[in-house]
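All values below come from the heavy atoms of this structure, side chains included, with hydrogens, waters and symmetry mates left out. The sequence lines fix the lettering, A, B, ..., with proteins before strands; numbering per chain opens at 1. Everything numeric in this text was worked out from a predicted model, so none of it was measured.
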2 protein chains.
Amino acid sequence: MSRPRIRDYFQQDLDQNQNITPKQRAILQASLDLFAEKGFDQTSTSDIAQRAGVAEGTVYRRYKTKAALRDAVLAPIAAKIVPILASDFSEDELHRRYPSLQAFLTAVVNDRMQFVQNNLKELKVIFEMAAFDATRRERILSQIAPQMVQQVGSVLDQLKADQLMVDWPNDLIIQTLLSQVFGYIARLMMELPGTSFDREQTYLIAVLTKVLTPGENDQLEID
Amino acid sequence: MSRPRIRDYFQQDLDQNQNITPKQRAILQASLDLFAEKGFDQTSTSDIAQRAGVAEGTVYRRYKTKAALRDAVLAPIAAKIVPILASDFSEDELHRRYPSLQAFLTAVVNDRMQFVQNNLKELKVIFEMAAFDATRRERILSQIAPQMVQQVGSVLDQLKADQLMVDWPNDLIIQTLLSQVFGYIARLMMELPGTSFDREQTYLIAVLTKVLTPGENDQLEID
DNA sequence: CGAAAGTGAGTGTTCACTCACTCATTTATT
DNA sequence: AATAAATGAGTGAGTGAACACTCACTTTCG
């Protein structure tokens with residue numbers, strides 16, 4: 001593929017961020033690692049300090065609370081999630097670059113898989129947080145969902161009009177895409193055996209292409 | 001559908017269990033509710049006692065530790081998961097009852113969705129535990145995966161031989177099934193808006209039927 | 001020297017867990 | 001049948017440890 005890959009935004013942001021001392025960066029890194037390894041509640045601030053090679057007071061120099069530290073760890077990726085989800089989904093991109101649905105899906109899947117792999121720890125922390133914090137979850141969803149529907153919707157409509165994609169409601173198609181993405185993330189997070197990037201990629205593209213290609217018996221008997 | 005539905009095994013087991021006082025049952029119920037609402041670590045034993053209308057000492061009368069209490073809450077469902085996953089997957093059932101792949105998937109999906117709905121809280125607690133406890137996770141997977149492959153495998157081979165199912169490796173097919181199940185569970189757990197049982201069911205069956213029906217371009221270029 | 005970064009002993013609170021005790025019911029003794 | 005003894009579920013104040021967070025002080029660096 002000739003397209004540029006989505007890079008590891010988190011690392012990038014950490015590096016770009018100026019006013020940050022090596023110790024503060026070590027604290028962020030140790031927090032991320034430990035939160036992903038053991039979970040937020042099971043990680044003590046003294047764990048973090050120890051892993052980062054720093055006194056506990058140093059952690060609280062910049063971050064007022066442990067929760068604020070988690071927010072600081074997640075801030076860079078949180079800002080990138082919506083653009084990642086929606087990028088490539090423009091009619092322009094679509095018509096200029098991709099000759100077929102499969103080619104389109106290949107490009108989309110490839111980038112997203114890279115992003116997930118590069119930010120797996122952050123995603124794990126986000127999922128843990130979202131699992132039991134309904135308020136935060138709703139805030140996130142209420143920001144992401146409409147943008148997805150809006151940015152992706154017109155392209156889906158175009159694909160459907162061109163008979164390139166199954167004629168389902170857009171929210172069902174988006175749900176299909178996201179289900180596969182969640183499944184992929186879950187498989188990575190759970191460290192299931194026998195998974196490899198190439199195999200996952202081939203599989204994801206095959207499933208999505210098959211589901212989203214229009215067929216003969218596609219009527220969904222939904223109101 | 002004329003088939004019997006899978007019932008709410010957890011409630012059933014709680015009732016069947018003899019030597020259990022009302023207070024002890026209240027403790028189990030309160031634990032399950034609170035673990036699912038707030039998460040295990042965020043639930044204190046005094047929370048549980050209060051919700052159950054019981055003194056904190058009563059909790060420790062039967063359960064040595066808080067973790068043992070969680071295990072007791074999950075024990076009934078844990079014993080049922082493998083049978084649920086594998087039931088219906090016998091060649092006998094398949095040929096006697098189901099005229100088509102779609103009819104087969106409809107029956108399978110229906111029962112599993114009932115089970116998930118009836119045991120959603122328990123599943124949430126299990127997922128939280130599995131997320132950060134690699135040892136437990138591997139123990140669970142090492143028990144479930146081989147049984148799934150064994151019990152489901154021969155039927156999949158039959159379906160493939162009869163040209164009723166796409167000729168993919170069995171583990172990929174199982175992965176497809178489980179991905180959809182996980183996606184469904186995730187959607188329920190996250191309480192996404194706009195979901196209903198009927199809609200989910202129609203959707204799941206449609207997606208699975210489409211993916212698993214043999215087609216023209218099904219070659220997966222995998223070693 | 002001044003300012004910012006870093007330190008680690010200290011603090012108040014929360015929490016999992018304990019234990020001496022109560023009380024209602026069952027079993028044994030007269 | 002009446003009374004005593006034994007049993008075990010239930011209680012809640014108490015305990016020690018862990019934890020998030022603070023602050024008076026030290027070190028680093030421009």
**Study point:** Nearest-Å distance for atom pair CD1/P, residues A:Ile20 and C:dA5
**Key:** 11 Å
**Study point:** Ion pair A:Arg137/B:Glu191, N-O distance below 4.0 Å
**Key:** yes
Check your understanding: In whole Å, what is the span from the CZ atom of A:Arg62 to the P atom of C:dT7?
Key -> 14 Å
Practice item. Write down the distance between CG (B:Leu69) and C1' (C:dA16), rounded to a whole number of angstrom. Key: 12 Å
Check your understanding: What is the distance, rounded to the nearest whole Å, between atom CZ of B:Arg25 and atom P of D:dA9?
Key -> 15 Å
Review point. Under the ring-ring contact (aromatic ring centres under 6.0 Å, His included) criterion, do B:Phe127 and B:Phe132 qualify, and how do the steps go?
Key: CA-CA 9 Å; B:Phe127 275 96; B:Phe132 296 107; over 10 Å; no
Study note, to complete from the structure: Which of D:dG10, C:dA5, C:dG6 is nearest the side chain of A:Gln24? It is C:dG6
Practice item. Give the B/S/- string for nucleotides 18-24 of chain D, one per nucleotide from 5' to 3', where a protein heavy atom under 4.0 Å of the base yields B, of only the sugar-phosphate yields S, and otherwise -. Key: -SBBB--
Practice item. Report the residues that fulfil salt bridge (charged side-chain N to carboxylate O under 4.0 Å, His left out) with B:Glu200, sequence neighbours left out, ordered by chain and then residue number. Key: B:Arg187
Practice item. Begin with the C-alpha distance, continue with both residues' side-chain angles, and end with the deciding distance and a verdict on salt bridge (charged side-chain N to carboxylate O under 4.0 Å, His left out) for B:Arg199 and A:Asp171. Key: CA-CA 12 Å; B:Arg199 195 172 201 267; A:Asp171 62 330; 3.2 Å; yes
Review point. B:Arg139: what forms a salt bridge (charged side-chain N to carboxylate O under 4.0 Å, His left out) with it, not counting sequence neighbours?
Key: none
Point to revise | Main-chain N/O of A:Thr43 paired with A:Asp47 side-chain donor or acceptor, under 3.5 Å | key: no
Exercise for review: For A:Val54, answer base if it contacts any base atom (sugar-phosphate contacts may also be present), sugar-phosphate if it contacts only those atoms, and nothing otherwise; contact means non-hydrogen atoms under 4.0 Å.
Suggested key: sugar-phosphate
**Study point:** Short side-chain N/O contact to D:dT11 OP1/OP2 from B:Thr58, under 4.0 Å
**Key:** yes
